[in-house]
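Structure first, then comments.
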Number of protein chains: 2
Amino acid sequence: MIRRIAAVAIRRDSAAQQGSVEDQVYSELRDRFMSGVYLPGEVLTLRNLAANLGVSPMPVRQAVRCLIVEGALEMLPNRTMQVPRMTRDRLAELLSVRRALEGLATEAACRVVTPRQILAIEKIHALSHKAFESGEMRRSLVMNQRFHFALYEAAQSSVLMPMIQGLWLQAGPFMHLALSSTAGMRWDGTHHLELLQALRDGDPTEARLAIERDINKTAEALLVTPHFAAGRTEAPERRVARG
Amino acid sequence: MIRRIAAVAIRRDSAAQQGSVEDQVYSELRDRFMSGVYLPGEVLTLRNLAANLGVSPMPVRQAVRCLIVEGALEMLPNRTMQVPRMTRDRLAELLSVRRALEGLATEAACRVVTPRQILAIEKIHALSHKAFESGEMRRSLVMNQRFHFALYEAAQSSVLMPMIQGLWLQAGPFMHLALSSTAGMRWDGTHHLELLQALRDGDPTEARLAIERDINKTAEALLVTPHFAAGRTEAPERRVARG
DNA sequence: GGGAAAAGACTGTGATCACAGTAGGTGCTT
DNA sequence: AAGCACCTACTGTGATCACAGTCTTTTCCC
């Protein structure tokens, strides 16, 4: 049974989308994972994804393989692919590595960031804060992500950036599942403001500490959610992919 | 012109090699990159690789895409694939991230490592040292890698291990190019011994410092080599793939 | 003889088909 | 009515072909 709910053509966004079809598929799927389109435990199939993206299965195969290598997708022994469930241990590890890598990136960024970039980051923070105040949690999460990535991009590191993206990619589905509801989420942008001040002062160490505090805050919010998988023996609850 | 120098079947090693052909190809290519089979700047093509591995181009395509995502391979604007050249900046970044991640893994390993595992690591160190003494640099490098990975594997982290492997994968071709000659390489296993002592003492902080010192030592040895690419405007010098 | 143009080889990419294995559903048998 | 077997639908995987580029080489003309 092939359910084509909305066969959105992959070229929808940005008229002059360039690159091969596979690159577009890969990019689109990355965005979807980071945006929480797919939920932990959800089962995806090549042909459904292809139909949903409006492309042939071929480019999807390779994009999906890459996502598996990155840990954003899991291949079960049955050869079926599913969005990995999250365990408390795994989340703690991800956050630990985030602290290390994003701390490094923040230090590097602080040393070379331009006033113009700082302004852009401030702007993104304002948007995130505004979205949070109006209860648009989804949008606030996305803007928060943009805030972090705008910062790390200033570091201009071709090593750190892909690794950090990989971490967000792995945590994406779970983060959106756990935080997209307003319940129990009392976020304040204190650490973001501290970071911005450190950037203006050109104080890498303080900037690093601010980011680490921000990640710790996220950790506190995430680790209390009841969304964790109990282990390898959890109930099936296999969600069928929507596309 | 298809040059089949040695069309080695992919199933050569270990009779009961399991998994799909693509998994085997991917695994084999990873090993080759980490072993320095391919040199920085070398150009690889799908069909040559496929012929060399004795498989059809199809599985190679996907494996190669994954390697590109991991940063082990580069795709030029011409759509040709080449082993990335190394720059001093990039190497410094890789080593910086290695310090952070392998430090983390070492701490974690130190907390859960068993005496039996410590013995195994000691054994590997002895082999590495012995190979170095007899001038077998290639073998010494491989054993050194096994030493590190045996340590990190003790940490049992499904997050850290793949990331660290990715780092070694990116640095692999350059490391072997720079260090496989005995010239200018005066390695001593002091830091390895310090690490082993810290493991026995159950002192995570000291273990972490020992690994960091070890990586710093490697950094010193690597950063003085004259093998760096000058930048984006370097001479072509495109080595043709051997397969 | 030198330079421009065309022909050739070879590249990655995408589509389509065949295949083996699995999961789930249906119908028959006991 | 319950249990078992078969059968259908669907999964990822691999192979093969066609195609549009690029790069090299050859060939023709000035």
Side-chain angles (χ1 to χ4, degrees), chain A residues 1-4 7 9-11 17-29 41-69 73-83 235-243, chain B residues 1-4 7 9-11 17-29 41-69 73-83 235-243:
Chain A
M1 172 183 60
I2 297 178
R3 284 197 295 164
R4 291 204 193 201
I10 195 83
R11 302 165 200 273
Q17 183 89 351
Q18 60 185 356
S20 62
V21 178
E22 181 197 330
D23 290 339
Q24 297 172 38
V25 169
Y26 178 61
S27 175
E28 169 71 17
L29 287 182
E42 189 164 342
V43 172
L44 302 179
T45 67
L46 290 182
R47 289 172 173 88
N48 280 5
L49 276 173
N52 181 267
L53 293 166
V55 300
S56 87
M58 183 55 108
V60 181
R61 278 165 64 169
Q62 308 189 42
V64 157
R65 279 309 280 215
C66 293
L67 290 173
I68 291 174
V69 164
L73 207 53
E74 211 174 25
M75 171 151 285
L76 297 142
N78 328 346
R79 289 271 158 202
T80 66
M81 303 172 306
Q82 81 168 11
V83 183
E237 189 217 332
R238 296 227 319 250
R239 282 187 42 133
V240 168
R242 302 179 307 290
Chain B
M1 172 184 59
I2 297 179
R3 282 198 295 161
R4 293 204 191 201
I10 194 84
R11 303 166 199 273
Q17 183 91 348
Q18 59 185 357
S20 63
V21 178
E22 180 197 331
D23 291 338
Q24 297 172 38
V25 168
Y26 177 62
S27 174
E28 170 70 17
L29 287 181
E42 188 163 343
V43 173
L44 302 178
T45 68
L46 290 181
R47 289 172 173 87
N48 280 5
L49 277 174
N52 182 268
L53 292 167
V55 300
S56 86
M58 182 55 104
V60 181
R61 278 165 65 169
Q62 309 190 39
V64 157
R65 280 309 279 215
C66 293
L67 290 173
I68 291 173
V69 164
L73 208 52
E74 212 174 23
M75 171 153 284
L76 293 115
N78 328 346
R79 290 268 159 205
T80 66
M81 304 171 304
Q82 81 167 12
V83 183
E237 189 216 333
R238 297 226 319 250
R239 281 188 43 136
V240 168
R242 302 179 305 288

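Lettering of chains follows the sequences in order, A, B, ..., and the numbering in each one begins at 1.
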Partners passing side chain to side chain donor-acceptor pair (under 3.5 Å) against Arg65(A) (at least two apart in sequence or in another chain):
Glu22(B), Asp23(B)
Which salt bridge (charged side-chain N to carboxylate O under 4.0 Å, His left out) pairs, counting each pair once, include a residue from residues 53-62 of chain A, with sequence neighbours left out?
none
Does a side-chain N or O of Asn78(A) approach OP1 or OP2 of dG21(C) to a distance below 4.0 Å, or not?
no
I want to check something: taking the side chain as every heavy atom from C-beta on, are Val43(A) and Leu76(A) in contact at a cut-off of under 4.5 Å?
no
N/O-N/O pairs, protein side and nucleotides 12-14 of chain C side, under 3.5 Å:
from	atom 1	to	atom 2	distance (Å)
dG12(C)	OP1	Leu46(B)	N	3.0
dG12(C)	OP2	Leu46(B)	N	3.2
dG12(C)	N7	Arg47(B)	NH1	2.9
dG12(C)	O6	Arg47(B)	NH2	3.4
dT13(C)	OP1	Arg65(B)	NH1	3.1
dT13(C)	OP1	Arg79(B)	NH1	2.8
dG14(C)	OP1	Val21(A)	N	2.5
dG14(C)	OP1	Glu22(A)	N	3.3
dG14(C)	N7	Arg61(B)	NH1	3.4
dG14(C)	N7	Arg61(B)	NH2	3.0
dG14(C)	O6	Arg61(B)	NH1	3.3

Go through the structure and list residues passing side chain to side chain donor-acceptor pair (under 3.5 Å) with Gln62(B), not counting sequence neighbours.
none
When you compare the side chain of Leu29(A) with that of Leu49(A), does any pair of heavy atoms fall below 4.5 Å?
yes
